[in-house]
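Note sheet for the following structure.
Read the numbers this way: they start at 1 and go in the same order the structure lists the ligands and their atoms. Because the structure is a prediction, the values reported are computed rather than measured.
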Amino acid sequence: MQPKSVHKSFESSQRSMMGSHVSALEDMVNFEAEITDNPLKNAFRGKATVHTHIPGQSFMGEEAVFVIKNQYENKRNGTSLAYIHVPFCETRCLYCLFYQNPLRPESSRHYTDLLIKELQLWSDLAAQKNEPIHAVYFGGGTPTALEPQDLYQLIKAVRTYLPLANDCEITLEGRIHHFPEEKMEAAFKAGVNRVSLGVQTFNTQVRQTMRRVDDRDSMIRSIEKLASFNQASIVCDLIYGFPYQDMAVWEDDVKTAISLPLDGVDCYQLNVFEKSPLGKFIANGKLPAGADKEERAEMFARSVELLTQAQWRRLSNNHWCQTFRERNIYNRFGKSAADCLAFGSGAGGKLNGYSFMIERKYDEWAKKVEAGIKPIAFASAPNAHWHALRTVSSEMELGRINMRRLSEAYSLPLSTLSQDVFDQWTKAGLITPVGDWMVQTVAGQFWHTTMAQLLVNVLGKRLAQNK
Ligand code: SF4
């Protein structure tokens, strides 16, 4: 395959979407999509964001700890989550912007001991002590990089220091690399009931170009092994848009996932960040660019077609399942207004609309935990309508939204204030109104993150003017 001449990073795509006159994402209020024959490929100039951004007031250091501690004094209510971060990876994947620390021989034990200490720090405060937590997610980094005994102890500690609901979804995210049977056994024995594997692609050449270590056969064998325990929902992430991953490779990825004993699959679009090793390799001509915007749109549509034909059910625009074991609770509520307690160096959480980040620098984090200080580095206080706007954004991920119901739930004129937006998107082929429901077409599903950001921006500004 020849290198492509035109490469668009995520940032350049975002800049072309925002235009030269808009400097902050939340100020992007021109919601109009192109009226074109092919909205799937051409509705917008680029992708506006990876996740919806809703601005707030920032606090750092001790002030951030104070602000979040106040929130911890109150009980949570409704669906609640917890996120546990493991900030090590054995190798760095080329496309990754979130790599934190290399895994060293002593990392697993040292980190586990301190993380358990962090879990204990505010365990007597109301937000941690009371009311059930419905989904826990061990993410990273690579949680499966921990040694079996450490993994077991960490999961047990989470079950001790957090009030998990009886039917709590407990997800372990990981890689197949260094995830032997002994580690699988330790995870299941400790109570893991969902495993999320970052497969990304089954194609050995594409995988290894991206510095993913294992080949196709090892991936398949490991998925089959995990499923054979019959203890958990086994799901995998697939990504489209890598260099050397053309439509034939992508079709094979989706068909391979369909053929395996998986409970669920996520199909994500690759974001090539300028600062990632992949972004630099493409910019320097060391690797060809992957699929462009139009080709990615076709790849997305093809995955919808294949999974629909195979009778998989859709839980959100990106997430599909073929069994009733798969619930996708953490991902479903992670971007909503639900509370999420967070632990571990680099973790992010939110409580009553206040978002917070745990110290990302490992040594700083370790020093604070050893000193008995809650290692919160950053906090952000919510704006006036954060709950409604978060809910609007997370509903858009589900492929449909009912603005009338949301207006009633929040006693806000959300439906009236967004009518012209949905009318224009309907004209542009992104939405099909069905009664009160605004249902996304396949083109709308492909563009839903951009549409969610635009909708939240428009509503945020109009609600402020409407006071
Ligand atoms: S395993 Fe995940 S976090 Fe680690 S480098 Fe690869 S993509 Fe990044």
Ring geometry between Phe98 and Phe273 (parallel below 30°, tilted from 30 to 60°, perpendicular above 60°):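 Geometry flag for Phe98 against Phe273: perpendicular rings.
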Proximity flag Thr91 to ligand 1, non-hydrogen atoms under 4.0 Å: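 True for this residue.
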Contact with ligand 1 for Arg211, non-hydrogen, under 4.0 angstrom: no
The single option from Gln445, Lys335, His448 passing side-chain hydrogen bond (donor to acceptor under 3.5 Å, both in side chains) against Glu397: Lys335
CH2-CZ distance between Trp320 and Arg313, expressed to the nearest 0.5 angstrom: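 Here the interatomic distance stands at 11.5 Å.
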In the protein, what heavy atom is nearest to [atom], and what distance, to one decimal place, separates them?
atom                    : answer
atom 1 (S) of ligand 1  : Arg175 NH1, 3.4 Å
atom 8 (Fe) of ligand 1 : Cys96 SG, 2.3 Å
atom 4 (Fe) of ligand 1 : Cys89 SG, 2.2 Å
atom 3 (S) of ligand 1  : Gly141 N, 3.4 Å

N, O or S from Cys93 under 2.8 Å to atom 6 (Fe) of ligand 1: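 Given the 2.8 Å cut-off, Cys93 counts as a ligand of atom 6 (Fe) of ligand 1.
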Side-chain donor-acceptor pair present, Asp253, Gln245, cut-off under 3.5 Å: yes
Distance flag, aromatic centroids of Trp365 and Tyr111, threshold under 6.0 Å: yes
Sole residue of Glu295, Glu294, Glu298 in salt bridge (Lys or Arg N to Asp or Glu O under 4.0 Å) with Lys41: Glu298
Proximal atoms of ligand 1 relative to Thr142 (non-hydrogen, under 4.0 Å):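 Within the 4.0 Å cut-off of Thr142, ligand 1 contributes 1 (S).
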